[in-house]
2 protein chains.
Amino acid sequence: MMFNISWEVQAVTTLKRADARKNIESIMDAATACLARDPDVSVADIAKAAGVGRVTLYGHFESRAILVTQVAERAIQQSDEALGAVDLDGDPRAALSRLLEASWRLTQQYGALIVAAEQSMPHEQFQAVHLGLIDRWKPLMERGRGDGSFRDDQPLGWQLTLLQSVLHAASGAVYRGEIKAADAATLIDGTLQAALTPPGATRH
Amino acid sequence: MMFNISWEVQAVTTLKRADARKNIESIMDAATACLARDPDVSVADIAKAAGVGRVTLYGHFESRAILVTQVAERAIQQSDEALGAVDLDGDPRAALSRLLEASWRLTQQYGALIVAAEQSMPHEQFQAVHLGLIDRWKPLMERGRGDGSFRDDQPLGWQLTLLQSVLHAASGAVYRGEIKAADAATLIDGTLQAALTPPGATRH
DNA sequence: CACAAGTCGAACACTGATGTACGAGATGCT
DNA sequence: AGCATCTCGTACATCAGTGTTCGACTTGTG
């Protein structure tokens, strides 16, 4: 599987003609942007946004599902790298702030792409990569729960769901104009730090 | 508008034949259940779930959009009544708990119906009824922010979005089996009470 | 009982989206 | 320069969902 992916990238970057490579780039970028806004966007709209004909798009991607999968795989890989670069050591609450800020950037960038991926990718494959992303959170949360930084009177799974949910809600709120994008990071951090504070403790 | 609605109800409940009324009931109940699970469910599936033919359904509802609108209007009206019956006096935190419990029941019952309504109803009409429901929350939140029960260092609009988001997240978590339905109410209350506690205060 | 009202399935037209076929024309590559 | 590669528009087949029509049948109601 891993070998297949790298082989395809190899093919894209060396075997094809230069204009074809440029178009493939445009298509994937346009698809990322379109799918981030609307997970059900049509292939025709993606092609239009990429500035290529619909037929050209099908020349590079066999089907809509394959296009979505490719785009999602790239986004997930990039997200995984971005989250992996975050320093999770030291005070769990400070580490959570850093992880939230990085995650917020990714949420803004990719938005509803995850919904499209869930619909288009094979269920087990999506499950696998999704769990991979969640695992970026788990160790920090477990450590914080262990040393009393975070409350542990709720299931860890619920708290992880909550994190995602608040990020998603902020994305929607910015999209609807309810809050300014610049304020979102502060609101997210302030809200989730409060929600994770152990009962009986006093927040700084 | 109000007159139109009551006129239609009148027609449904008195002018039509008994079996027709029963079928209309079945269709609206089935549509409610189906749309709560999948906002994009087809008319054919709704008819099947209601135990009637697709043509019969179209005999009672001119179009899918009208059916969804009718179903949503009934759900919203019922929700409005349920929320209106909640005692919002006394300690704001206790009142919030009561309001959350009632809202959780409605969220479980209607789920994704709100998404379907947003897609099928005229934008302004949806906006109106939706704002009507939110207004059930606003006075309590404002009172709690004023007397120091809830934090007021975040926009009220954000806190209202957060409430909805957490309810929705809990619904999804139950659906996916991550948490048990019986535990959901406690988790929701515990999470949101914490998120709304003013900085510097100590939670009981 | 008799008729109006209602139900049902099959068939049809229409729409929007996906995916394919073809052929003419443009363009990168050597 | 010349050829393989690529692009593009148009047209077509297919599919799923919506909404309608028709005619035969069933059932509630006066």
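The sequence lines fix the lettering, A, B, ..., with proteins before strands; numbering per chain opens at 1.
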Integer-rounded Å distance: C/dT18 C1' and A/Ile66 CD1: 13 Å
B/Asp19 CG - D/dG28 P separation (whole Å): 6 Å
A/Ser79/A/Leu133 under side-chain contact (heavy atoms from CB on, under 4.5 Å): CA gap, chis, key distance, verdict: CA-CA 8 Å; A/Ser79 298; A/Leu133 273 188; 4.3 Å; yes
Letter per nucleotide, 5' to 3', of nucleotides 8-15 of chain D [B base touched, S only sugar-phosphate touched, - untouched; heavy atoms, 4.0 Å]: SBBB----
A/Trp104 and A/Ser171: side chain donor to acceptor below 3.5 Å: no
Side-chain (B/Ser165) to main-chain (B/Thr161) donor-acceptor, under 3.5 angstrom: no
side-chain N/O B/Arg64 vs D/dT18 OP1/OP2, d < 4.0 Å: yes
NZ/NE/NH1/NH2 to OD/OE distance under 4.0 Å, B/Lys138 and B/Glu142: no
Donor-acceptor pair between B/Gln125 and B/Glu73 side chains, under 3.5 angstrom: yes
A/His168 NE2: over 12 foreign heavy atoms closer than 6.0 Å: no
Rounded interatomic separation in angstrom, taking OH from A/Tyr58 and P from C/dA21: 13 Å
Shortest side-chain distance from B/Ala18, nucleotide among C/dG6, D/dG28, C/dC29: D/dG28
Rounded distance in Å - CZ (A/Phe61) to P (D/dC6): 14 Å
Nearest-Å distance for atom pair NZ/C1', residues B/Lys16 and D/dT29: 17 Å
Euclidean distance, atom NZ of residue A/Lys22 to atom C1' of C/dC29 [Å, nearest integer]: 16 Å
Members of residues 40-48 of chain A that approach DNA chain C, where some heavy atom sits under 4.0 Å away: A/Ser42, A/Val43
Worked check of salt bridge (charged side-chain N to carboxylate O under 4.0 Å, His left out) between A/Asp29 and A/Arg74: CA-CA 10 Å; A/Asp29 290 347; A/Arg74 189 179 70 164; 3.0 Å; yes
CA sep, side-chain torsions, deciding dist, call: B/Arg151, B/Gln159, side-chain hydrogen bond (donor to acceptor under 3.5 Å, both in side chains): CA-CA 10 Å; B/Arg151 66 193 298 183; B/Gln159 291 178 328; over 6 Å; no
Closest listed nucleotide, where the reference is the side chain of A/Arg17 and the choices are D/dG28, D/dT5, D/dG19: D/dT5
Spacing of A/Leu67 atom CG relative to C/dG19 atom P, expressed in whole Å: 10 Å
Of B/Lys16, B/Arg21, B/Arg17, the residue whose pairing with B/Asp19 passes salt bridge (Lys or Arg N to Asp or Glu O under 4.0 Å): B/Arg17
Residue-phosphate contact under 4.0 Å: B/His60 side-chain N/O, C/dT7 OP1/OP2: yes
